[in-house]
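Structure record follows, encoded as structure tokens.
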Amino acid sequence: MLKELDNLSEIQKMAVIHKDGPAMIIAGPGSGKTRVIANRVSYLISKHKIFPERILAVTFTNKAADEMRERCVALTNKSDLNISTFHSLCVSLLRQYGSRINIDPYFSIYDDSDQTRLVKRILKDMNKDPKKLPFKISTFFSEISVAKNNKLAPAEYISREQKDPDGALFSQIIYEIYDSYEKALRIANSLDFDDLLLKTVLLLENFEDIRNEIEERYQYLLVDEFQDTNKLQLEISKKLTEKNKNLFVVGDPDQSIYSWRNAEPRNLLDFEKLFPEASIIKLDQNYRSTKSIIAVADKLISNNTERFKRELWTGNKDGNDAVLVTARNPSSEAEFVTRELSYLINKGISPEEIAVMYRVNSQSRNMEDKLEELQIPYRLIGALGFRERREIKDMLAYISILINHNDEVSLSRIINTPRRGISDATYLSFRQAFMSQSQYESILGYLLSRPWKEDFKVNKRAEAALDRFAEMIKGMVHKVKVLSTESLISEIIEASGYGTYLEADPDYDNRLRNIEELKVKAREISLDITDPFDKTVEFVQKFALITKVDDSVETDQESDKVTLITLHQAKGLEYSVVFIIGFEQGMLPHIRSLDDHKEMEEERRLCYVGITRAKERIYLTNCLNRVTWNNQGKNMFSQSQVPSQFLSEIPKEFLKTADYDDFGKINYTEKNFNKEDYVKTEKRINIKHSNFYVSDVVIHKIFGRGIVVSVDRNNDEDELLIKFDDIDEPKLILPAFGSIHKENQNEEDSFDYLKDFEISGEDSVGDDDFSGYFED
DNA sequence: GAAATTGTGGTTTTT
DNA sequence: CCACAATTTC
């Protein structure tokens, strides 16, 4: 038997040996999807003698593409496979054929910060105050993104929108900005992310010869994560397989989490309608996770109503119980996670195999603090990607303007960075002058040839500064043609004064390191291109598509690190141990989703994605209180949190619950937990007895007033069962951690017994730890 | 024109 | 709370 079919289930084999015609693989999490794709690629090559370069596999992220490539190369020993993302595929196609639709091959790619810059500039030109618009800039971008996904140019957009009289005014303004934005992009010879897809669709749609040529080039198309494709990506997939129909798509409707970004899960669900002859294969055996984990995931996702009923199952062992831990507040939650993971690490689990996941990036803060406190190395898959760092954006802007002389956004970014005496006002006059002349086609060309001295008036100082800048750029315009990308970067840093400017930066070391890293990345890219200029162009264009998952903030040099990551970014990854924090209404599900059924289902899918990343252990955590931002009062205040409704959707027997209080101690209410394990991690000295007795009236820091129902002194430490006034079920409390005192005693007296033992570490048993929680 | 200071507004997820 | 914009001061 061929090695491609080794160790596969019958159903997986069916997918691997699929040759011609459309196929849809519904692949549940951990069902061996990547393996199936890689093996099919390999099988096509070795069994059917398809040339590797005629197979195109499209994934969602660069990282996924790299992994896929690695796997395929390992199997086939061939390196000329085509594996890329939709966006980078489009960049390549547009570079090659873009001239047919008036796109210069040296186009720049604008990310959202570039877009925002551009739109702000446009608004200024239109004499509009960004703050007085009836919508936020982000609304504008999502609006035009929808427009572009529906292939609506500004004119088409407005004619469609105006049918709705209520929205007419709103749409009119959007239209005006959209129109100017498109014109500005064209003048700047730049494309935004949606354009990359849209222009490619237009290319394939309108030019049969190009379509044929590309379809000839790629005989077999595989698309991964198909549930997250948008309309344009579907169209590209269809156009590329128009004749041969060799479209092999893989996805999982339950993992569709990008509908807010115009992903259309229907692309997958309706695949059968589109291609009635399609082979349909469902992979629902999970090879990744324990039964406990799968049970939680499956019970949760079965609460979605708009869903093909489908059961994920596994032949794996039961494994550890899934755990829910409730903490007092986010910092306590982070403390629990940190201590627990240090316990796991001590137990021999590699930090690399552990991830902490959350709904929003800001939740990483508490985790970072605690991890640093305990000196556990972590990798933050960050809010701020490498690409978005200021020094990196600046470098790229310098290079971009040298490549694309029309790239106005880049020019405006660096013309006074570092400060060289060219104020925004000066730049605006200069730009105005450029716009109103017709002799020079590019803004950089205009700057360099300097007739602008006649076109507008600025003071001597500004004029001299502009002159110096032009001189400096002039010296580099030819260098971009001959220097390697990394030498070019060094040259820019030297010539522009950026180096000296950086030295004054408080974050100098980091920024310098980032720039060095940029050079390394430049060196690594596109080894097969020989011309230095082409290489730089390739680098800049592909660099714009790098995702945050590709790079990260490292806390030290070791590679062995715990991962902090958003649930969205975690898709496609797997870890032995996964913590998902913030299981509270308003956090997860996110507050913006609470009133919308469809969005709630997507939040549920997001949890499903998170839970199914885990191989061995899953911990869900939440907080009783959380400091939130109050719109009205402009004050931070501690708000009591309602547990996530998703938790109640998971039957109790599948999720063991425990409480965690601020002193780093878990009250395990389920016997399946090995309490000893946790005590060891805390390095606490066991205590003796407390002075609480049955029927004592007590005050608890969190739960308020209650009566001691029973005292258990069999263990090393007392366990009190307390019926609190406001809580139906009596709660188990360990009095040793100072969160409780007798009603008729003041707190200090109650704490007396604490003198009998000590708590290791710098922790002091004082009131400090409580301050702030109950204010307001 | 740049730096320092005050004010303001905004918090989801990202190719 | 934090980032960035506007305003004031140098």
Side-chain angles (χ1 to χ4, degrees), chain A residues 58-65 84-91 109-113 115-117 120 124 129-132 136-139 141-142 145 149 191-197 225 228-230 232-233 256-263 357-363 365-366 381-385 387-388 390 416-427 458-462 464-466 504 542 544-550 565-572 582 586-594 599 602-603 605-607 609-610 627-631 634-637:
Chain A
V58 176
T59 60
F60 222 66
T61 63
N62 291 292
K63 187 169 192 224
S84 75
T85 66
F86 269 110
H87 290 269
S88 71
L89 170 70
C90 291
V91 167
I109 299 167
Y110 284 173
D111 66 13
D112 31 339
S113 75
Q115 284 182 300
T116 307
R117 251 186 124 84
K120 282 187 176 164
K124 213 161 201 172
D129 183 348
K131 282 176 195 158
K132 296 207 176 98
K136 287 188 269 175
I137 289 199
S138 59
T139 309
F141 284 123
S142 59
S145 182
N149 268 276
L191 301 172
D192 63 24
F193 284 125
D194 290 321
D195 282 341
L196 294 175
L197 304 174
E225 305 283 12
D228 284 330
T229 54
N230 61 28
L232 298 172
Q233 289 163 329
S256 154
I257 53 174
Y258 286 107
S259 69
W260 52 274
R261 218 179 61 196
N262 304 318
M357 302 179 184
Y358 36 80
R359 179 61 232 268
V360 300
N361 276 304
S362 58
Q363 285 172 275
R365 234 296 128 59
N366 285 302
I381 310 295
L384 229 210
R387 202 185 67 216
E388 292 149 63
R390 204 170 61 217
N416 200 32
T417 310
R419 301 250 130 97
R420 44 173 77 91
I422 304 170
S423 73
D424 206 43
T426 307
Y427 177 68
V458 286
N459 64 46
K460 277 260 150 22
R461 221 165 62 184
L466 217 45
K542 291 290 163 70
L545 305 174
I546 286 181
T547 69
K548 290 169 186 170
V549 186
D550 300 334
I565 191 169
T566 65
L567 287 163
H568 281 90
Q569 292 170 323
K571 194 180 65 164
M587 295 296 292
L588 186 60
H590 190 267
I591 190 156
R592 301 267 292 253
S593 314
L594 291 176
E599 288 183 34
E602 185 148 314
E603 295 289 304
R605 290 195 292 271
L606 195 52
C607 292
V609 167
V627 173
T628 52
W629 174 246
N630 178 12
N631 289 336
K634 292 248 166 209
N635 281 321
M636 309 289 291
F637 71 105

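What you see is a predicted model; the values in this text were computed from it and never measured. Chain identifiers are assigned alphabetically (A, B, ...) following the order of the sequence lines, protein sequences preceding nucleic acid strands; residue numbering begins at 1 within each chain. For the numbers below, each heavy atom of this structure counts, side chains included, while hydrogens, waters and symmetry mates do not.
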request  = Please tell me which of A:Lys136 and A:Arg461 maps to the more 5' nucleotide of DNA chain B, matching each residue to the nucleotide holding its nearest heavy atom.
outcome  = A:Arg461
note = Applying salt bridge (charged side-chain N to carboxylate O under 4.0 Å, His left out) to A:Glu225 and not counting sequence neighbours gives A:Lys33, A:Lys571
message = Is A:Thr566 close enough to B:dT14 that one of its side-chain N or O atoms is under 4.0 Å from OP1 or OP2 there?
response = yes
Dump the pairs, protein N or O against N or O of nucleotides 2-6 of chain B, anything under 3.5 Å, distances to one decimal.
| from | atom 1 | to | atom 2 | distance (Å) |
| --- | --- | --- | --- | --- |
| B:dA2 | OP1 | A:Gly421 | N | 2.8 |
| B:dA2 | OP2 | A:Asn416 | ND2 | 3.4 |
| B:dA3 | OP2 | A:Arg419 | NH1 | 2.8 |

inquiry  = According to side-chain contact (heavy atoms from CB on, under 4.5 Å), who are the partners of A:Asp424, at least two apart in sequence or on a separate chain?
reply    = A:Arg121, A:Lys124, A:Leu428
query = If you look at every strand shown and take non-hydrogen atoms under 4.0 Å, does A:Ala425 touch a base, only sugar-phosphate, or nothing?
reply = nothing
task = Please report the closest heavy-atom contact between A:Phe193 and A:Ile109, naming both atoms and the distance.
result = CE2-CG2, 4.2 Å
task = Grab the CG-P distance between A:Leu466 and B:dG1 for me, whole Å please.
result = 11 Å
message = Tell me the interatomic distance from A:Asp129, atom CG, to B:dT8, atom P, rounded to whole angstroms.
response = 14 Å
query = Between A:Lys124 (NZ) and C:dA5 (C1'), how many Å, whole number?
reply = 10 Å
message = Check the orientation of A:His568 and A:Tyr258. Use parallel for under 30°, tilted for 30 to 60°, and perpendicular for over 60°.
response = tilted
note = In whole angstroms, the gap separating C1' of B:dT14 from CG of A:Leu545 amounts to 13 Å
task = Not counting sequence neighbours, which residues clear side-chain contact (heavy atoms from CB on, under 4.5 Å) with A:Ser145? List them please.
result = A:Asn149, A:Asp194, A:Asn262
request  = Nearest-nucleotide wise, let me know which of A:Glu599 and A:Asp112 is further upstream toward the 5' end of DNA chain B.
outcome  = A:Glu599
inquiry  = Applying side-chain contact (heavy atoms from CB on, under 4.5 Å), can you list everything that pairs with A:Ser84, at least two apart in sequence or on another chain?
reply    = A:Leu56, A:Ser88, A:Leu89
remark   = Side-chain atoms of A:Phe60 come closest, of B:dG1, B:dT15, B:dT13, to B:dT15
note = Testing C:dA5, B:dG1, B:dT14 for proximity to the side chain of A:Tyr258, the answer is B:dT14
query = Atom CD of A:Glu388 to atom P of C:dA3: distance rounded to whole Å?
reply = 14 Å
note = dist A:Thr59:OG1 -> A:Asp228:CG (nearest 0.5 Å) comes out at 12.0 Å
ask   = Does A:Asn361 make a side-chain N or O approach to OP1 or OP2 of B:dT14 shorter than 4.0 Å?
value = yes
ask   = Which whole number of Å gives the distance between the P atom of C:dC4 and that of B:dT13?
value = 15 Å
note = Winner on side-chain proximity to A:Arg592, out of B:dT14, B:dT11, B:dG1, is B:dT11
ask   = Hey, does the side chain of A:Gln569 come within less than 4.0 Å of B:dT13's phosphate (OP1/OP2), counting only N and O?
value = no
message = Nearest whole Å is fine: how far is B:dT15 P from A:His87 NE2?
response = 9 Å
query = In whole angstroms, how far is the C1' atom of B:dG9 from the CD1 atom of A:Ile137?
reply = 13 Å
ask   = What pairs with A:Ser113 under side-chain contact (heavy atoms from CB on, under 4.5 Å), at least two apart in sequence or on another chain?
value = A:Asp111, A:Lys393
query = Contact class for A:Lys571 vs. all strands (heavy atom < 4.0 Å): base, sugar-phosphate, or nothing?
reply = nothing
request  = Rounded to the nearest angstrom, tell me the gap between atom CD in A:Gln363 and atom C1' in C:dC1.
outcome  = 15 Å
request  = Under 4.0 Å between any heavy atoms, over every strand shown, what does A:Thr426 touch: base, sugar-phosphate, or nothing? Just pick one.
outcome  = sugar-phosphate
note = Checking B:dG1, B:dT15, B:dT13 against the side chain of A:Thr61 (C-beta onward), the nearest is B:dT15
